[in-house]
Q: 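My structure is below; once you've seen it, I'll send some questions.
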2 protein chains.
Amino acid sequence: MEKIGDFQINSIVQGDCVELLKKLPNNSVDLIFADPPYNLQLNGELFRPNQTKVDAVNDGWDKFDSFESYDKFCLQWLSECRRVLKSTGSIWVIGSYHNIFRIGKIMQDLGFWILNDIIWIKTNPMPNFKGTRFNNAHETLIWASKSEKSSYTFHYKSMKTFNDDLQMRSDWYIPICQGEERIKVNGKKAHSTQKPEELLFRIILSTSNINDLILDPFSGSGTTAAVAKRLKRKFLGFERELFYVQVANERLNKIIPLAEPVLEYKIERRKPKVPFGSLIEKGFVEIGEVLYSKNGLHQAVVLADGSLQYGDLVASIHKVSAFILGKENYNGWSFWYVKRNGILQSIDDLRNLYSEKYFGTPFKIHSKTISKTA
Amino acid sequence: MEKIGDFQINSIVQGDCVELLKKLPNNSVDLIFADPPYNLQLNGELFRPNQTKVDAVNDGWDKFDSFESYDKFCLQWLSECRRVLKSTGSIWVIGSYHNIFRIGKIMQDLGFWILNDIIWIKTNPMPNFKGTRFNNAHETLIWASKSEKSSYTFHYKSMKTFNDDLQMRSDWYIPICQGEERIKVNGKKAHSTQKPEELLFRIILSTSNINDLILDPFSGSGTTAAVAKRLKRKFLGFERELFYVQVANERLNKIIPLAEPVLEYKIERRKPKVPFGSLIEKGFVEIGEVLYSKNGLHQAVVLADGSLQYGDLVASIHKVSAFILGKENYNGWSFWYVKRNGILQSIDDLRNLYSEKYFGTPFKIHSKTISKTA
DNA sequence: CACCCTTGTGAATCAGTCT
DNA sequence: GAGACTGATTCACAAGGGT
């Protein structure tokens with residue numbers, strides 16, 4: 001079986017996440033999803049991140065102590081996450097106003113580069129019974145790359161298609177996890193903060209590829225692993241409580257991965273690049289032929305090397321169109337037309353004809369990788 | 001005329017906010033709204049697909065050397081804000097992912113007690129032109145009391161009435177400030193980040209009383225003061241740029257206080273749109289399932305990202321149906337059917353089922369101004 | 001006057017590849 | 001690694017002009 005460091009791939013490992021993270025090699029993980037403890041104060045009792053109870057009075061506890069220990073804990077696991085994350089990977093962290101500001105600040109300090117904060121808007125939140133505040137109807141996710149300059153996987157076009165051909169926004173409307181999906185043991189919720197699979201579906205689909213390794217350092221009920229398995233990603237989960245490890249394993253046994261063909265990012269296929277010169281070589285455009293702007297006002301002559309002659313200017317289709325429009329840059333494919341049977345035809349159409357004739361389908365699957373340049 | 005410290009009540013004072021804050025007495029302000037610089041860290045220029053340049057925030061007041069210098073600045077003005085805030089008062093701070101995490105962390109460290117984070121969801125944000133991230137369609141507001149134990153003003157019932165007798169949620173749907181409301185000088189926007197009055201309307205109405213003193217340490221175009229005056233609150237604004245002070249004063253001169261606390265904004269009742277991808281996430285439509293045209297002649301397979309495979313063509317439900325019908329555009333929701341128990345069922349029906357099941361409580365979405373200032 | 005089409009624009013951390 | 005070159009990329013409104 002495949003391994004990563006000491007760990008079996010596709011498993012939930014019981015133990016403290018910081019200790020376990022330290023055993024992972026550098027730059028070994030493609031995507032991280034983390035749902036850390038929230039540091040909530042409940043029933044007048046405060047729990048430190050390591051789950052030991054703190055006596056608010058006798059322990060001399062105050063908010064500063066609490067925040068300080070929480071910050072220290074987050075600095076540890078986030079540092080390790082950054083170390084194990086590949087430079088092409090990205091990380092998602094979910095939280096509420098109790099902890100997300102501290103987490104975001106620490107992430108920025110560590111050099112993570114925030115790409116978006118995503119708002120999970122709960123379509124069916126619990127009402128605020130006391131009526132003392134606004135109904136807290138959302139949680140916040142931070143999506144970040146390893147550093148400012150690093151590239152990352154993002155299936156922009158797939159998400160646009162997913163969203164009825166409009167680019168996906170930072171507000172996501174997803175019901176809370178209830179009903180059949182909610183795992184119960186002896187009639188009681190197995191985990192108090194089980195996340196909806198819909199949320200992980202979107203995250204994994206948009207920011208990872210098939211066979212990528214996804215790490216969840218706070219695995220809990222195993223939602224990340226379950227969706228990862230279903231979408232044919234590799235996964236590794238860390239979880240402190242043995243009970244949750246068992247719950248997650250039971251859950252995972254029932255998951256059937258989807259067939260590969262339906263998971264491929266066919267929508268992001270790129271046709272092989274066809275340089276303008278290829279159109280000339282194959283006679284789609286003749287040497288010496290005149291190209292026209294859409295309104296016919298501008299004309300240029302095609303030279304043998306694929307450059308255009310426009311008055312004294314000789315340059316690429318892009319440069320000449322940019323010059324005519326008085327712009328720094330322009331896409332010449334959308335500017336120039338040829339005359340065929342007296343009718344203007346876009347050279348971009350000719351390019352498509354060329355592609356169909358010489359490349360046909362299918363094209364190579366290609367995921368969009370964004371890379372930043374200095 | 002009434003004064004607070006050295007300052008005239010109901011005025012915009014020109015100067016550095018930290019210096020001016022220091023001149024205010026302790027515990028003297030009922031409500032603070034702060035819209036600090038976001039520290040956007042923009043690099044080069046950004047062009048739209050049509051090659052026009054985006055008029056970005058490039059103002060000197062948003063430039064900071066580092067996170068450290070930004071943190072230091074925020075620690076200063078937030079400390080002073082806490083000092084001048086009455087123990088019965090509260091503070092609102094607005095920001096984006098660039099700065100809001102740092103702000104929230106500092107506020108918690110100073111002892112502010114966060115009551116809610118409110119998401120201003122923009123109904124009409126600027127798109128992401130390059131397809132590199134999710135469209136950043138919101139900003140975040142933090143609402144906090146002076147300390148954990150302090151009481152604070154909150155008109156829960158008013159907000160519920162305002163919201164058609166439904167609890168007001170933490171997600172607010174408000175258009176960006178444009179059109180008549182946007183202040184222009186010589187045809188250009190007077191301030192690059194003018195906030196919509198509706199945002200301040202909700203804030204002031206929900207968390208202050210008539211005759212309360214409201215402080216805005218980053219007054220800018222004067223939206224806070226304008227709405228405060230209209231709602232019969234006292235106000236004090238600090239603003240570094242003389243130009244903005246003048247803009248705000250001109251604006252304020254035109255404001256007529258309301259005789260009655262009438263509802264100025266009407267909230268429309270609408271359920272969020274369900275994109276095709278959501279049906280897949282929840283299993284209303286299975287990945288790999290076949291969709292049929294009404295007459296059954298055309299069939300397509302559903303892929304994981306919500307795209308359809310129809311022969312060699314892979315695209316959205318809308319694009320594929322348009323292709324089949326030989327049209328430029330078509331509404332795929334009315335074209336495609338799934339087979340359930342041998343019977344064809346419209347995917348639009350499935351969408352309604354989803355909506356009924358998970359959006360039971362109607363959302364309050366778009367809101368509009370129904371009366372304008374004189 | 002109603003309707004349609006074009007143009008402009010908003011807190012934006014906004015490109016990828018080859019030489 | 002820097003620089004040159006290619007060519008991919010947008011949503012909701014408001015305002016104004018034309019039919």
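Because only heavy atoms are used, hydrogens play no part in the values below, and waters and symmetry mates are left out as well, while side chains stay in. Protein chains get the first letters and strands the later ones, always in sequence-line order, with residue 1 at the start of each.
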Q: Can you run through DNA chain D from 5' to 3' and write each base as (, ), [, ], | or . depending on how it pairs? Watson-Crick or G-U wobble, both distances under 3.5 Å.
A: .|||||....|||||||||

Q: With sequence neighbours excluded, what pairs up with A:Asp30 under the salt bridge (Lys or Arg N to Asp or Glu O under 4.0 Å) test?
A: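 Result, salt bridge (Lys or Arg N to Asp or Glu O under 4.0 Å) vs A:Asp30: A:Lys86.
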
Q: List in chain and number order the residues that pass salt bridge (Lys or Arg N to Asp or Glu O under 4.0 Å) with A:Asp349, two or more places apart in sequence or in another chain; answer none if no residue qualifies.
A: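 Result, salt bridge (Lys or Arg N to Asp or Glu O under 4.0 Å) vs A:Asp349: none returned.
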
Q: Could you pull out all donor-acceptor pairs under 3.5 Å where a side-chain atom in residues 319-329 of chain A meets a protein atom, sequence neighbours excluded?
A:
unit_1   : atom_1 : unit_2   : atom_2 : d
A:Ser321 : OG     : A:Ile317 : O      : 3.0
A:Ser321 : OG     : A:His318 : O      : 2.9
A:Lys327 : NZ     : B:Asn50  : O      : 3.3

Q: Reckon A:Asn329 touches a base, only the sugar-phosphate, or nothing at all at heavy-atom distances under 4.0 Å?
A: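 The answer is base, as A:Asn329 lies within the cut-off (heavy atoms under 4.0 Å) of a base atom.
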
Q: Can you tell me if A:Ser316 touches the phosphate of D:dT6, counting only side-chain N or O atoms and a distance under 4.0 Å to OP1 or OP2?
A: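 The answer is yes; a side-chain N or O of A:Ser316 sits under 4.0 Å from OP1 or OP2.
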
Q: For A:Lys146, check salt bridge (Lys or Arg N to Asp or Glu O under 4.0 Å) against everything at least two apart and list the hits.
A: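 Result, salt bridge (Lys or Arg N to Asp or Glu O under 4.0 Å) vs A:Lys146: none returned.
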
Q: Assign the ring pair A:Phe154 / B:Phe134 to parallel, tilted or perpendicular, where the plane angle (0 to 90°) is split at 30° and 60°.
A: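 Perpendicular, since the angle between the ring planes exceeds 60°.
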
Q: Starting from C1' on D:dC5, measure out to CG on A:Asn331 and report it in whole angstrom.
A: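 Computing the A:Asn331:CG to D:dC5:C1' distance gives 12 Å.
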
Q: What residues in residues 182-193 of chain B put a non-hydrogen atom under 4.0 Å from any atom of DNA chain D?
A: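 Contacting residues: none.
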
Q: I want to check one thing: is the phosphate of C:dA12, taken as OP1 and OP2, less than 4.0 Å away from some side-chain N or O of B:Lys130?
A: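 Answer no for this pair, as no side-chain N or O of B:Lys130 is under 4.0 Å from OP1 or OP2.
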
Q: Is there a donor and acceptor pair closer than 3.5 Å between the side chain of B:Lys195 and the base of C:dA11?
A: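 Answer is yes: a donor-acceptor pair is held.
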
